[in-house]
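As structure tokens, the structure follows; a few thoughts come after it.
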Amino acid sequence: MDSIDLSEQEVIRRQALNEIRRLGIDPYPAELFPVSVSTEEIKRNYSEEAKNYQDVSIAGRLMGKRIMGSASFAEIQDGKGRIQIYVKRDDICPDDDPTLYNTVFKKLLDIGDFIGVRGFVFITKMGEITLHVKEMKLLSKSLRPLPVVKEKDGTVYDAVKDPEFRYRRRYVDLVVNPGVRNIFIKRTRMIDSLRNLFNSYGYLEVETPVLQPIPGGAAALPFVTHHNTLDTPLYLRIANELYLKRLIVGGFEGVYEFSKDFRNEGMDRMHNPEFTVLEIYVAYKDYLWMMDFVEEMMEKAATDLHGTTQIPYGDQLINFERPFRRITMTDAIREYAGVDITGMDEDRLRGVCRKLDILIDKTMGKGKLIDRIFGEKVEPNLIQPVFIMDYPVSMSPLCKKHRKDPELTERFELIVNAKEICNAYTELNDPVDQRERFQEQLKLSEKGDDEAMYIDQDFLRALEYGMPPAAGLGVGIDRLAMIMTNQPGIQDVLFFPQMRPEKPTEAEDLM
RNA sequence: GAUCCAGUAGCUCAGCAGGUAGAGCACAUCCCUUUUAAGGAUGGGGUCCAGGGUUCGAAUCCCUGCUGGAUCACCA
């Protein structure tokens with residue numbers, strides 16, 4: 001990298017780096033630094049009376065310096081939070097040489113540098129818990145200036161908020177915006193909560209192929225790649241449903257997987273090309289059982305994260321307390337759109353759509369028309385958790401037909417804040433019916449529906465060996481995380497949301 | 001994909017009857033031993049996203065492009 005491309009501050013930091021080396025200090029030492037406590041633990045447990053934490057070591061990023069001659073206050077930020085440190089020249093420079101304080105600390109250390117300090121904890125006149133430093137060591141020099149975000153009385157000054165900057169340099173976002181870390185910690189805690197529940201039921205976490213010869217289990221456009229040795233196309237999975245069901249065929253009675261799925265479709269605040277779905281399949285259950293299970297799961301996740309079932313989302317308060325409302329799709333359309341679609345054929349549904357001012361096109365079949373009515377007129381009203389049950393058969397080629405109505409399927413979705421969070425079936429295990437449903441998908445595909453499902457012959461073969469009755473569930477983990485962490489976009493709950501690659505000039509600059 | 005908005009210092013932003021740039025923080029030099037958005041003084045730093053056009057003159061007006069955001073469409 002040519003120094004002519006560096007900003008003044010970057011040049012100064014490189015000069016400081018050289019100066020540090022010249023003083024015989026290794027700016028990137030190899031040996032461990034013995035951290036004895038976290039900033040959080042000190043702040044939580046320190047008491048003046050107990051006089052605890054009188055010899056501790058902490059490490060982290062230097063996040064602020066307030067120099068007042070031969071004494072200074074500064075801040076260290078570790079993985080848990082920040083603590084103020086008090087640095088006095090006479091303490092860190094016990095002999096006559098003041099270099100460590102005057103030159104190294106005051107001039108050569110910058111905001112963003114990692115340092116380790118050892119000392120004792122006290123409380124300043126202003127009442128702040130502070131570490132009085134006796135020894136200081138540089139652990140890693142930072143060469144780029146970190147944005148300095150300040151805060152007073154709850155007001156944040158100069159917060160880094162440009163979304164492009166935040167998503168492209170998430171590492172900086174995490175250092176500088178403390179709330180961001182908590183979002184991701186909560187996301188992980190949420191997944192822990194689900195996993196713990198599944199394990200407590202004795203279900204087995206499994207892994208199934210990401211690279212699939214036939215991308216099945218959902219209606220979506222896949223990413224295609226190529227395997228050189230096999231000389232065959234492979235697809236990144238759009239769902240793992242068909243593989244998990246094969247495991248149910250194989251005798252596992254409860255399996256689940258947190259699955260990274262990939263869909264070659266649009267990107268926006270709700271969609272990222274790769275995203276996480278939980279899928280779980282349980283033998284000998286049906287979709288009614290699964291609704292109870294989902295209620296338990298959601299209530300537990302909410303309480304594990306927030307200690308309550310009431311979750312703030314935007315200006316809403318969402319209540320995950322059991323039981324959730326249950327309503328069939330037909331009843332929901334009757335209630336919110338004022339139309340009874342029972343027994344309507346495709347033409348009459350088209351008439352309904354026209355009357356309700358819903359945009360449709362010729363390629364839409366009965367299932368899609370009903371879905372449009374639901375999406376336009378019903379879904380926006382559904383803020384609190386609600387199960388929508390019994391979808392039309394043509395929308396659900398992997399779902400068992402309804403025990404009472406062959407036009408419907410035993411399927412439900414959980415809608416929260418007008419968005420689908422869960423999708424579940426009584427799984428179709430009749431291999432003959434499944435073959436027919438696939439063939440109908442093939443017809444749709446021949447009509448031009450590029451998302452119609454492929455026929456997976458091996459999956460049919462598996463069903464022909466016999467699959468026990470089972471209930472299956474898919475949960476959009478990113479969307480659930482959005483709700484559980486009160487975030488408006490999927491980019492805010494993904495560490496590294498997909499972005500257009502940076503320009504070559506920028507990329508070269510990063511080399 | 002459509003429409004709208006935005007891109008100015010490391011960060012947050014101002015500047016737009018057109019006269020080639022400014023603030024706060026950060027950075028540099030100096031003063032200051034319990035401060036806390038520390039303070040005081042002085043100073044450096046910008047291909048004003050890119051390219052074209054109008055003009056004597058463009059950060060400012062026009063066109064094209066790039067990147068991002070919002071809304072809608074499409075899609076789970």
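Below, chains carry the letters A, B, ... as their sequence lines are ordered, and counting in each starts from 1.
Atom pair A/E379:CD and B/C74:C1' shows a separation of 15 Å (rounding to whole Å applied). For A/M126 and B/U35, the CE to C1' distance is 7 Å, given to the nearest whole Å. When rounded to the nearest whole Å, the span between CD1 of A/I67 and C1' of B/U34 equals 15 Å. Computed from coordinates, the A/F165 CZ to B/A9 P distance equals 12 Å when rounded to whole Å. Protein atom CG of A/D268 is 14 Å distant from nucleotide atom P of B/G68, rounded to whole Å. Note: CD1 (A/I12) to C1' (B/G10) measures 11 Å, nearest angstrom. Across the protein-nucleic acid pair, A/M63 atom CE and B/U36 atom C1' stand 15 Å apart, rounded to whole Å. Computed from coordinates, the A/I83 CD1 to B/U36 P distance equals 18 Å when rounded to whole Å.
Residues satisfying the side chain to side chain donor-acceptor pair (under 3.5 Å) criterion with A/N45, sequence neighbours excluded, are A/Y53. Listed by chain and number, the residues in a side chain to side chain donor-acceptor pair (under 3.5 Å) with A/R269 are A/Y167, A/Q491, A/D492 (sequence neighbours excluded).
Close to B/C74, at under 4.0 Å from its OP1 or OP2, lies a side-chain N or O of A/R372. For B/U12, the OP1/OP2 oxygens have no side-chain nitrogen or oxygen of A/K150 closer than 4.0 Å. Proximity of A/K107 to the phosphate of B/C30: a side-chain N or O atom is located under 4.0 Å from OP1 or OP2. Residue A/R89 has no polar side-chain atom (N or O) positioned under 4.0 Å from OP1 or OP2 of B/U33. Between A/R500 and B/G68, a side-chain N or O to OP1/OP2 separation shorter than 4.0 Å is present. For the pair A/R168 and B/U67, the criterion of a side-chain N or O lying under 4.0 Å from OP1 or OP2 is not met. Contact check, A/K65 against B/U36: no side-chain N or O comes under 4.0 Å of OP1 or OP2. For the OP1/OP2 pair of B/A38 and a distance below 4.0 Å, the side-chain nitrogens and oxygens of A/R66 include at least one atom meeting the criterion. Considering only side-chain N and O atoms, A/K152 lies nowhere under 4.0 angstrom from the phosphate OP1 or OP2 of B/A38.
Along RNA chain B, the nucleotide nearest A/V148 and the nucleotide nearest A/A220 are compared for position; the residue whose nucleotide lies closer to the 5' end is A/V148. Along RNA chain B, the nucleotide closest to A/K419 and the one closest to A/R269 are compared, and the more 5′ of them pairs with A/R269.
The shortest heavy-atom contact between A/V56 and A/L131 is CG2-CD1, 3.4 Å. For the residue pair A/R181 and A/G79, the shortest heavy atom distance occurs at NH1-O, 3.0 Å.
Residue A/K368 has its side chain nearest to B/C75 when only B/G69, B/C75, B/C27 are considered. Across B/A26, B/U33, B/G68, the shortest atom-to-atom separation from the side chain of A/I111 is found for B/A26. Residue A/Y157 places its side chain closer to B/A37 than to any other of B/U12, B/A37, B/U36. The A/S7 side chain lies nearest to B/G10 when the options are B/A28, B/G10, B/C11. Taking the side chain of A/K125 as heavy atoms from C-beta on, and the options B/U35, B/C75, B/U33, the nearest nucleotide is B/U35.
Between the P atoms of B/A9 and B/G15, the separation comes to 15 Å (whole Å). Comparing the same atom, P, in B/C61 and in B/G45 gives a spacing of 28 Å after rounding to whole Å. Between the C1' atoms of B/G39 and B/C49, the separation comes to 38 Å (whole Å). Taking atom P on both nucleotides, B/C16 is separated from B/A6 by 14 Å, rounded to a whole Å. As rounded to the nearest Å, B/C27 and B/A2 have P atoms that lie 45 Å from one another. Across the C1' atoms, B/U8 and B/A21 are found 8 Å apart, a figure rounded to whole Å. One C1' atom belongs to B/A14, the other to B/A70, and the distance between them is 23 Å to the nearest Å. Atom P of B/C62 sits at a distance of 16 Å from the matching atom of B/U55, rounded to the whole Å.
Side-chain contact between A/L494 and A/E274: absent, with no pair of heavy atoms (C-beta onward) separated by less than 4.5 Å.
When both distances must be under 3.5 Å, the Watson-Crick or G-U wobble mate of B/U12 is B/A23. Base pairing annotation: B/G46 forms no Watson-Crick or G-U wobble pair, as no partner gives both donor-acceptor distances under 3.5 Å. In this structure, B/C4 forms a base pair with B/G69, meeting either the Watson-Crick or the G-U wobble geometry with both donor-acceptor distances under 3.5 Å. With a cut-off of 3.5 Å on both pairing distances, B/C32 has no Watson-Crick or G-U wobble partner at all.
Counting distance only, with no hydrogens placed and no angle test, the side-chain atoms of A/Q84 and the base atoms of B/U35 include a donor-acceptor pair under 3.5 Å. With hydrogens and angles ignored, no donor-acceptor pair closer than 3.5 Å exists between the side chain of A/E151 and the base of B/A37. If you check distances only, the side chain of A/E164 never reaches the base of B/U67 with a donor-acceptor pair under 3.5 Å. Looking at A/Y86, its side chain has no donor and acceptor atom pair within 3.5 Å of the base of B/U35. One N or O donor and one acceptor, one from the side chain of A/D158 and one from the base of B/G24, sit under 3.5 Å apart.
As judged by a 4.0 angstrom heavy-atom cut-off over every strand, A/D153 is placed among residues making no nucleic acid contact. Using a 4.0 Å heavy-atom cutoff across all strands shown, A/Q9 reaches at least one base atom of the nucleic acid. Here A/Q491 lies out of heavy-atom contact (under 4.0 Å) with every strand. A/N423 comes within 4.0 angstrom of nothing in the nucleic acid, heavy atoms only. Here A/A159 lies in heavy-atom contact (under 4.0 Å) with sugar-phosphate atoms only.
Look at A/R411 and A/E413 and you find a salt bridge, because one of the NZ, NE, NH1 or NH2 atoms lies within 4.0 Å of a carboxylate O, short of that distance.
Ring geometry, A/F122 versus A/Y86: the interplanar angle exceeds 60°, so the pair is classed perpendicular (tilted spans 30 to 60°).
The one candidate from A/R144, A/K141, A/R61 that meets the salt bridge (Lys or Arg N to Asp or Glu O under 4.0 Å) condition with A/D113 is A/K141. The ring-ring contact (aromatic ring centres under 6.0 Å, His included) test with A/F412 is passed by exactly one of A/Y425, A/F387, A/F324, A/Y391: A/F387.
No cation-pi contact links A/K107 to A/Y101, judged by a cut-off of 6.0 Å to the six-membered ring centre and 45° from its axis.
In B/A14 the O4'-C1'-N dihedral to the base is more than 90° from 0, which defines an anti nucleotide.
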